[in-house]
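Quick note: numbers below take in every heavy atom, side chains included, and nothing from hydrogens, waters or symmetry partners. Chain letters run A, B, ... following the sequence lines, proteins first, then strands; residues in each count from 1.
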Protein chains: 2
Amino acid sequence: MNARVDDLDRKILTELQADASQTLDEIASKVGSSKTPVWNRIRKMRETGVIGATTVILDPDKLGLEACFFVLIRTSEHEAEWQNKFLETLRARPEVLEAHRLAGEIDYILKVQVANARAYDDFYQALISEVRIFNVTALLSMERIKHTTALPV
Amino acid sequence: MNARVDDLDRKILTELQADASQTLDEIASKVGSSKTPVWNRIRKMRETGVIGATTVILDPDKLGLEACFFVLIRTSEHEAEWQNKFLETLRARPEVLEAHRLAGEIDYILKVQVANARAYDDFYQALISEVRIFNVTALLSMERIKHTTALPV
DNA sequence: GCTGAAACGTTTACTTG
DNA sequence: CAAGTAAACGTTTCAGC
């Protein structure tokens with residue numbers, strides 16, 4: 001399930017990740033090609049799913065979402081029913097930006113972006129009232145040192 | 001530093017986060033307004049930095065980046081010089097997608113996206129050879145349950 | 001601050017080298 | 001497989017309300 005992507009494709013992806021609002025002509029000249037081949041490659045990568053959504057990056061602070069928590073979760077439940085309920089809860093909560101099931105002692109990690117500690121506690125209370133959780137550790141971010149959506153292509 | 005954003009602005013942001021390649025007409029009709037006011041609001045939000053870069057979301061699996069690690073770091077060093085070196089190292093490494101300085105016992109958390117465990121180890125060895133680190137725990141993601149760049153506006 | 005329309009630029013598809 | 005081209009479409013600006 002690993003798409004064939006050549007060197008020119010990678011250059012195009014780098015440009016799109018840096019700024020997807022560039023015109024085809026700009027991208028073409030930066031990657032050393034011309035409009036038509038660049039356009040065809042982008043279309044193909046969209047079709048194969050290498051390129052997904054085009055989106056816009058917002059500033060959380062300017063929108064009053066000043067608190068970012070990483071939440072480490074251990075649970076004693078490992079049944080399918082419990083897991084489904086847990087996943088549904090996470091997917092339904094827009095403040096959960098990321099959720100991963102982990103290998104090892106800690107079962108899940110969440111990234112939660114909220115207005116303040118109070119808003120995090122509201123989320124936390126809602127979560128533990130919906131699903132049984134054994135142990136939760138919340139790590140509060142003091143400073144976002146680096147933040148990128150750009151994969152190393 | 002908290003921008004004034006009204007209800008119509010929030011609707012526009014929701015649309016842009018969902019799909020920034022929509023035309024102004026599409027966005028305008030979805031949010032119940034028309035082209036010009038939507039365009040003026042988008043421009044203002046770009047100027048004030050509420051809206052940042054337009055980008056494209058790539059599929060890490062399709063690009064062969066199949067391993068995602070969350071790295072918990074404790075250090076005994078808290079001098080400015082050490083910290084600068086550490087930050088520079090992280091910023092220079094494209095596999096580090098996210099890095100936060102934390103409150104509490106754990107000093108830093110990183111999100112690292114690489115091809116495989118071997119590539120993670122290369123990163124880890126490079127990191128500890130460049131800066132003194134007291135304790136590192138790597139959490140390997142088995143499954144990405146949720147992943148969004150969309151903030152809850 | 002909105003509407004509508006006109007000017008301008010970009011995308012897309014197709015034809016040709 | 002690339003370049004050129006032209007029609008379709010989208011964006012941006014501006015005058016009038």
A:Tyr108/A:His100 aromatic ring centres below 6.0 Å = no
For [Y], is there an ion pair with [X] - N to carboxylate O distance below 4.0 angstrom?
X: B:Arg74; Y: B:Glu105; answer: yes
X: B:Arg10; Y: B:Asp6; answer: no
X: B:Glu143; Y: A:Arg101; answer: yes

Heavy-atom neighbours of B:Glu79 CD exceed 12 at 6.0 Å | no
Residue pair A:Ser21/B:Asn40 against DNA chain C: nearer the 5' end by closest nucleotide is B:Asn40
On a plain distance test, is the side chain of B:Thr36 in donor-acceptor contact with the base of C:dG4 below 3.5 Å?
-> yes
Between [atom2] on [N] and [atom1] on [X], what's the gap in Å once rounded to a whole number?
X: B:Lys44; N: D:dT12; atom1: NZ; atom2: P; value: 17 Å
X: B:Glu47; N: D:dT12; atom1: CD; atom2: P; value: 13 Å
X: B:Arg43; N: D:dG10; atom1: CZ; atom2: C1'; value: 17 Å
X: B:Gln22; N: D:dT11; atom1: CD; atom2: C1'; value: 15 Å
X: A:Arg41; N: D:dA2; atom1: CZ; atom2: C1'; value: 12 Å
X: A:Asp9; N: D:dC1; atom1: CG; atom2: P; value: 11 Å
X: B:Asp25; N: D:dA8; atom1: CG; atom2: P; value: 18 Å
X: A:Ile42; N: C:dT11; atom1: CD1; atom2: P; value: 9 Å

Counting only side-chain heavy atoms from C-beta out, which of [options] sits nearest to [X]?
X: B:Leu24; options: D:dT11, C:dT3, C:dT12; result: D:dT11
X: A:Thr23; options: C:dT10, C:dT12, D:dC14; result: C:dT10
X: A:Lys35; options: C:dT11, D:dT11, C:dC2; result: C:dT11
X: A:Trp39; options: D:dG4, C:dT12, D:dT13; result: C:dT12

